[in-house]
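Okay, so here's the structure we're looking at.
Below, chain A is the first sequence line, B the second, and so on; all start at residue 1.
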Number of protein chains: 2
Amino acid sequence: MIRVVLAEDQNLVRGALAALLSLEEDIEVVAEAADGEAAVAAALEHRPDVILLDIEMHPVDGIEATRRIRAALPGTKVMILTTFGRPGYLRRALEAGASGYLVKDSSPERLADGVRGVRAGRIVVDPALAVASLERGPDPLTDRERDVLRVAATGVAVTEIAKTLSLSAGTVRNYLSSAIAKTGTANRMEAALRARESGWL
Amino acid sequence: MIRVVLAEDQNLVRGALAALLSLEEDIEVVAEAADGEAAVAAALEHRPDVILLDIEMHPVDGIEATRRIRAALPGTKVMILTTFGRPGYLRRALEAGASGYLVKDSSPERLADGVRGVRAGRIVVDPALAVASLERGPDPLTDRERDVLRVAATGVAVTEIAKTLSLSAGTVRNYLSSAIAKTGTANRMEAALRARESGWL
DNA sequence: TGATCCATATGACAGATGTCATATTTCATA
DNA sequence: TATGAAATATGACATCTGTCATATGGATCA
């Protein structure tokens with residue numbers, strides 16, 4: 001029997017995935033969690049074989065939860081399950097110690113097979129996404145460029161970004177300029193959108 | 001027995017929801033679809049009591065599918081099931097003829113209860129969302145303002161927007177200016193984000 | 001048949017944005 | 001320890017953006 005903890009922030013989807021996994025003879029969902037914090041707690045309490053983590057959870061996301069779980073329970077395998085096939089997400093998930101990465105567009109059979117795969121020690125990754133990750137290359141942005149882009153993505157003006165990050169307006173424009181150059185885009189918004197789609201934010 | 005057709009574009013979520021609904025004694029999922037087009041076809045073929053529709057599907061979305069299904073099969077009840085609790089979505093869904101609107105953050109029990117509710121002729125809507133919809137008021141944007149905002153949301157410059165929509169650059173700036181005024185925001189990007197969050201795009 | 005709104009357009013102006021050159025400080029690393 | 005990268009800052013310049021006044025033609029509606 002493979003014991004699984006399931007972490008996903010949308011109640012309905014979480015319940016549905018639990019129902020789906022419960023149809024498998026050899027898989028048992030021993031706990032559910034709605035965010036990263038609760039996922040770590042559930043992992044510590046139940047010591048599952050595999051933990052399924054969504055990435056987009058607040059306040060603690062699936063990547064950070066992966067890091068904490070791998071540190072505390074090296075024997076537990078982590079499988080990421082997310083809507084977004086973003087190269088940067090995959091890279092960060094693997095660096096954080098995940099053994100698997102599935103997008104929610106995968107077929108239901110692949111989920112159960114994936115759980116069995118990581119349990120057996122394999123790395124389970126969508127091949128197309130792995131290729132995209134290599135093609136895109138690593139994140140070229142510095143920490144501050146990322147910070148500035150993240151705030152810029154909300155549409156606020158330079159002076160607002162500067163206030164938010166306690167920087168001078170000129171410095172913010174410098175970071176935006178270099179982020180725009182590195183992403184090969186024409187303005188802050190395209191840079192932010194591109195960085196997001198690459199999984200860098 | 002309540003016969004249900006389920007339309008949702010993410011395979012894994014669709015399969016999981018089907019598994020969840022199948023746990024109910026009185027509900028039977030008679031067909032699944034991955035987009036609006038297929039949903040309409042499945043509805044015509046299977047004549048279900050209730051059809052569950054995600055909104056975010058391509059190329060035909062859940063709102064458009066609702067319209068077509070209501071026109072062809074007035075007896076079939078439509079329930080929208082979406083990630084986004086956007087007031088404008090709710091309004092448009094009801095105008096298109098939907099009987100229910102649930103966000104994916106709802107509890108699993110509410111899904112089955114909701115299906116029974118719309119089957120019984122009730123309108124099933126999250127009360128908080130209904131209030132938000134009334135507070136926000138109807139979409140104040142003109143067709144062209146919406147068009148321009150949609151393109152602007154991709155981050156491109158005015159000349160690009162103008163080229164895309166076959167307008168002069170000045171006209172585009174006029175529309176952007178009035179959209180910014182109507183949304184009470186400070187620039188095109190905030191206007192686009194706000195319009196999107198309101199469900200106007 | 002006016003009144004009003006929408007779609008479209010132009011010109012002018014002030015302010016915001018993106019680029020570039022340049023500079024200091026800190027930190028890691030060869 | 002010297003080198004380089006990152007974080008931070010300023011000033012200057014050209015271009016882009018948002019606003020406003022104004023105009024025309026079509027649609028709708030009382």
Side-chain angles (χ1 to χ4, degrees), chain A residues 88 91-92 95 136-201, chain B residues 88 91-92 95 136-201:
Chain A
R91 179 184 299 262
R92 277 193 281 156
E95 282 168 6
R136 187 85 49 141
D139 183 352
L141 302 172
T142 69
D143 290 349
R144 282 318 232 172
E145 285 161 359
R146 252 190 308 279
D147 292 342
V148 169
L149 271 193
R150 237 187 303 264
V151 182
T154 66
V156 300
V158 166
T159 48
E160 276 305 305
I161 305 175
K163 212 173 296 173
T164 305
L165 299 175
S166 299
L167 288 174
S168 82
T171 302
V172 169
R173 292 207 278 158
N174 288 339
Y175 289 148
L176 284 173
S177 186
S178 63
I180 290 164
K182 285 178 179 176
T183 53
T185 51
N187 59 52
R188 67 178 71 182
M189 214 51 223
E190 286 188 351
L193 292 172
R194 175 130 249 263
R196 188 166 281 171
E197 139 208 323
S198 301
W200 297 334
L201 297 187
Chain B
R91 179 183 300 260
R92 277 192 281 156
E95 281 168 5
R136 188 86 48 141
D139 182 351
L141 302 172
T142 69
D143 289 350
R144 283 319 232 172
E145 285 161 359
R146 253 190 309 278
D147 292 342
V148 169
L149 271 193
R150 239 189 301 265
V151 182
T154 67
V156 301
V158 166
T159 48
E160 276 304 306
I161 304 175
K163 212 173 297 172
T164 306
L165 299 175
S166 299
L167 289 174
S168 81
T171 302
V172 169
R173 293 207 277 158
N174 289 339
Y175 289 148
L176 285 173
S177 186
S178 63
I180 290 165
K182 285 178 179 177
T183 53
T185 51
N187 58 54
R188 65 178 73 182
M189 214 51 223
E190 287 187 353
L193 292 172
R194 176 128 245 265
R196 189 167 281 171
E197 141 208 322
S198 301
W200 296 335
L201 297 188

What is the separation between atom CZ on B/R188 and atom P on C/dT17, rounded to the nearest whole Å? 11 Å

For chain B, the stretch of DNA chain D it reaches, first to last nucleotide, under 4.0 Å of its heavy atoms: D/dT17 to D/dC20

Within the supplied structure, the quantity of interest is the number of heavy atoms (other residues, nucleotides, ligands) at a distance under 6.0 Å from A/R196 CZ; does it exceed 12? no

With a 4.0 Å heavy-atom cut-off, tell me which residues in residues 152-174 of chain B come close to DNA chain C, sorted by residue number. B/L167, B/S168, B/G170, B/T171, B/R173, B/N174

Measuring from B/L201:CG to B/D147:CG, what's the distance to the nearest 0.5 Å? 10.0 Å

Scanning both residues in full, the closest heavy-atom pair of B/V156 with B/I161 reads CG2-CG1, 3.6 Å

N or O in side chain of A/S177 less than 4.0 angstrom from C/dT19 OP1/OP2: yes

CZ (A/R146) and CG (A/D139) are apart, to the nearest 0.5 Å, by 4.5 Å

Using whole Å, what does the distance between atom P of nucleotide C/dG18 and atom CD of A/E145 come to? 14 Å

Quick one: does B/L165's side chain get under 4.5 Å of B/V151's, heavy atoms only? yes

Is the shortest side-chain N to carboxylate O distance from B/R92 to B/E95 below 4.0 Å? no

What is the distance from CD1 of A/I180 to C1' of C/dA16, rounded to the nearest Å? 13 Å

What is the distance from CD of A/E190 to P of C/dG18, rounded to the nearest Å? 10 Å

Specify the separation, in whole Å, of atom CZ of B/R146 and atom P of C/dC6. 11 Å

Under 3.5 Å, is there a donor-acceptor pair linking the side chains of B/R136 and B/S198? yes

Taking atom types as modelled and ignoring hydrogens, do the side chains of B/E145 and B/S178 form a donor-acceptor contact shorter than 3.5 angstrom? yes

